[in-house]
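Report on the following structure.
Atoms considered below: every heavy atom in the structure, side chains included; atoms not considered: hydrogens, waters and symmetry mates.
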Amino acid sequence: MKNFLKIFFLLIITSCSSSDMDLEPLNGPTSGTFPASYDEGKMGLFAAYRNLSTLDAASTPIWHVMDNITDIGYARPGTNYTSPITSSITTTNALTIKPWEIHYKTIARCHAVLDKLDGISGITAAQKTELGSELRFIRAYAYSQLIELYGDVPLIKSAVTLENANVARTSVTEIQQFIIDELGAVAPQLPVSQSQFGNVRASRIAALLLKARIELYSKKYADAALTSKQALDLAAGVHSLTPFNASVNYAGKDHTVGEPDPSNIFGHIGFSSSKEWIWVAEYNMNVPGYLHNQQYYAASRLGKGVCYWGPTQNLIDSYEMTDGLSILESPLYDEANPFKNRDPRLDMYAVRPHSRYLGYQFEPNTSFTKVNNYWSAGAPTQVANADATNAYRSFSGYLWRKVVDIADFNSTSVSGNSDLNVGIFRLPELMLIYAEAKIELNQLDNSVYDVINQIRVRSKMPPLSTGMSQAQLRKALRYERKVELANDGLRWYDIRRWGIANNVMNGYLYLNRNANSWTKAAITGFDESANPIYNHSKASTYFTTQEVVYRINKDEYWPIPQSEMDANPSLKQNPGY
């Protein structure tokens, strides 16, 4: 699928990206006549898709940034990523500016075609439906992100000019309804699946998932249950959970056994063959500027990366034991071997001490002066342990495995550039939307257990016990969203909509940069959302800490960028900024 969009992007680059678009070149479209044909309309459509994939931070696509400013992930300390978790983000922070700019640019690209769709010469009804439905989906997605990050934002339904550029903010509620209505209208017009294009284009199932997500977030649980059920019914036979490959057998074991590898879902192979993906952001090494440095920023020091992102101890301690009990309850938990007999997703999605990662033994503790290099043929060789000595080694003591494909590390070096695709919508999210909506409606039938248990069983975890209460199922659901969707970019939204950000983002995040041993006495229990509760005086003797601050009626949203406030006097700033 890497060549699918290439020809259209090359056309856009050569024909549409000129800074002299107000002139009328003889060999390409102009801003005045574009789009003049179906092919030009399609160029505009693919430009809108392309624009979404330009949204990044630290050269990492935004979907794999957001969880690292929550309780489950941590970024290298610095203004851009420490300020959002200490209630000190500003109106000039690059992290707050980029999403606003990119999403509105995406919306503008949608309008460049949508506004002129009826006037395109020679276009058929089917072609008009194709372009219109996909562009409206992309616009709806962009608005869904804007309202989550900024709250009330200007709702623009057609291209703006200098005369109508000063648009006031529209309420979140009104925009949510706009998105729901738009997706309800376009979903029947979209193909059930776009798997023939590698799921990089919008499908009916993708539109219904987004509609159900917005209904869930706006607490329209009956609607969310109905929409997600419709999507799940359509997905039967089209999308399915992909079993972990044989490397799941290395979970809970040390580096000498092998390297856990989720690439058949989250790697190049996974994006080309896994039926789990519903919508994917595509990258392509052959198109200028159409790649990212995610692998470089995520990889270990020995893997020639810079360890920019990693899970917190809070997430690591959340993983259940293989008997389905917490580390406080299970007789399987061994403080001397804390990663043994854990939910396999701990090792499939995260990197922890004593495991193998990118062909190396991963040991952040300085007592390991040498570690094994498994890249050489035959017996491993010993190399100096940069993952313990480098000043910019992992700051949390852990790394993400989910976003890195070892196939891009065919030697012990990495270019820093990758065209590994990034997943936006995945079947487990759809399943968990359905389960959550039903739980919140207190409709605790077998279908709720079924969708959650499918995810657990794929993960080699035991199914939930039957007869659970609403509170118990809610906790189980929130556990699954936390660990299954970890680093998918949804945690930031979850902790706010559940009203728990005030708890989990006030106090401390715990980090184990030095890979110290610890006892479970550091934890006093787990709350109703499956989050560990720490005895700070005890925990701080084992772990380093990051103080976090969350202020109610302020940190629910980011500030509107100052540049936007200056340009549009109709805008009013969010509270607290």
Side-chain angles (χ1 to χ4, degrees), residues 1 3-12 15-16 28-52 105-144 155-161 175 177-212 214 226-227 230-231 233-235 237-239 278-282 424-425:
M1 291 304 121
N3 291 323
F4 172 64
L5 302 182
K6 180 180 177 183
I7 185 171
F8 292 98
F9 286 133
L10 290 176
L11 283 170
I12 291 165
S15 301
C16 299
T30 74
S31 57
T33 63
F34 179 87
S37 66
Y38 167 68
D39 284 343
E40 287 187 12
K42 209 164 187 180
M43 288 164 56
L45 170 64
F46 293 146
Y49 279 119
R50 166 73 180 96
N51 207 63
L52 286 175
K105 185 176 180 181
T106 299
I107 291 166
R109 289 193 172 186
C110 292
H111 291 156
V113 179
L114 283 173
D115 289 1
K116 299 181 180 180
L117 202 54
D118 289 334
I120 296 177
S121 176
I123 192 171
T124 68
Q127 290 170 336
K128 186 186 297 185
T129 297
E130 173 195 0
L131 296 178
S133 59
E134 290 190 56
L135 286 164
R136 290 168 69 183
F137 168 85
I138 296 168
R139 181 177 63 179
Y141 177 75
Y143 276 120
S144 78
L155 176 58
I156 301 168
K157 300 179 183 180
S158 61
V160 297
T161 64
I175 297 175
Q177 192 59 53
F178 170 77
I179 295 170
I180 290 168
D181 291 343
E182 281 286 279
L183 295 170
V186 304
Q189 300 175 349
L190 289 164
V192 171
S193 169
Q194 297 270 30
S195 59
Q196 72 273 30
F197 300 132
N199 300 306
V200 301
R201 298 178 65 178
S203 68
R204 189 179 309 170
I205 296 170
L208 291 173
L209 187 155
L210 180 55
K211 181 173 182 282
I214 299 301
L226 187 64
T227 302
Q230 183 183 355
D233 288 344
L234 285 172
V238 176
H239 296 290
I278 295 173
W279 186 34
V280 171
E282 186 181 33
I424 306 176
F425 292 165

* Asked: Where do Trp279 and Ala206 come nearest, in terms of heavy atoms and distance?
  -> CB-CB, 4.3 Å
* Asked: Say you draw a straight line from OG of Ser193 to CG of Asn199; how long is it, rounded to the nearest 0.5 Å?
  -> 5.5 Å
* To do: Check whether any side-chain N or O of Gln194 sits under 3.5 Å from a backbone N or O of Ser203 as a donor-acceptor pair, and report yes or no.
  => no
* Mind listing the closest non-hydrogen atom pair of Ala207 and Leu190 along with its distance? => CB-CD1, 3.8 Å
* Looking at residues at least two apart in the chain, or sitting in another chain, which of them share a side-chain contact (heavy atoms from CB on, under 4.5 Å) with Asp115? -> His111, Ser158, Ala159
* Asked: So do Arg201 and Glu130 actually touch side chain to side chain, heavy atoms under 4.5 Å?
  -> yes
* Output the distance between atom CD1 (Ile205) and atom CD (Gln230), rounded to the nearest 0.5 Å. => 10.0 Å
* Carefully, step by step, assess Phe178 and Lys157 under the rule side-chain contact (heavy atoms from CB on, under 4.5 Å). => CA-CA 10 Å; Phe178 170 77; Lys157 300 179 183 180; 3.9 Å; yes
* Please name the pair of heavy atoms, one in Thr106 and one in Asn51, separated by the smallest distance, quoted to 0.1 Å. => OG1-ND2, 2.8 Å
* Asked: Measuring from Ile120:CD1 to Asp39:CG, what's the distance to the nearest 0.5 Å?
  -> 10.5 Å
* Considering all heavy atoms, the nearest Lys211-Leu183 contact -> N-CD1, 3.4 Å
* To do: Might you point out which heavy atoms bring Ala231 and Leu208 nearest each other, and give the distance in Å?
  => CB-CB, 3.7 Å
* Check: Arg109 and Leu135 side chains under 4.5 Å, non-hydrogen atoms -> no
* To do: Check step by step if side-chain contact (heavy atoms from CB on, under 4.5 Å) holds for Ile179 and Tyr141.
  => CA-CA 8 Å; Ile179 295 170; Tyr141 177 75; over 6 Å; no
* Kindly compute the distance separating CZ (Phe46) from CD (Glu282), expressed to the nearest 0.5 Å. => 9.5 Å
* Starting from the C-alpha separation in whole Å, work towards a yes-or-no answer on side-chain contact (heavy atoms from CB on, under 4.5 Å) for Lys42 and Gln127. => CA-CA 9 Å; Lys42 209 164 187 180; Gln127 290 170 336; over 6 Å; no
* **Nearest heavy atoms of Ile156 and Val160, plus distance in Å** => CG2-CG1, 3.6 Å
* Between Glu134 and Tyr49, do the side chains contain an N or O donor and an N or O acceptor separated by less than 3.5 Å? -> yes
* To do: For residues Arg139 and Val186, determine if any side-chain heavy atom of one lies less than 4.5 Å from a side-chain heavy atom of the other.
  => no
* Sub-3.5 Å donor-acceptor pair from the side chain of Lys116 to the main-chain atoms of Phe34, do we have one? -> yes
* **Val113 side chain near Leu45 side chain, heavy-atom distance below 4.5 Å** => no
* Apply side-chain contact (heavy atoms from CB on, under 4.5 Å) to Ile123 and Leu131, showing your working. => CA-CA 10 Å; Ile123 192 171; Leu131 296 178; 4.0 Å; yes
* From Ile424 atom CD1 to Leu209 atom CG, the distance as rounded to the nearest 0.5 Å -> 11.0 Å
* Asked: What is the distance from atom OG1 of Thr227 to atom CD1 of Ile180, rounded to the nearest 0.5 Å?
  -> 8.0 Å
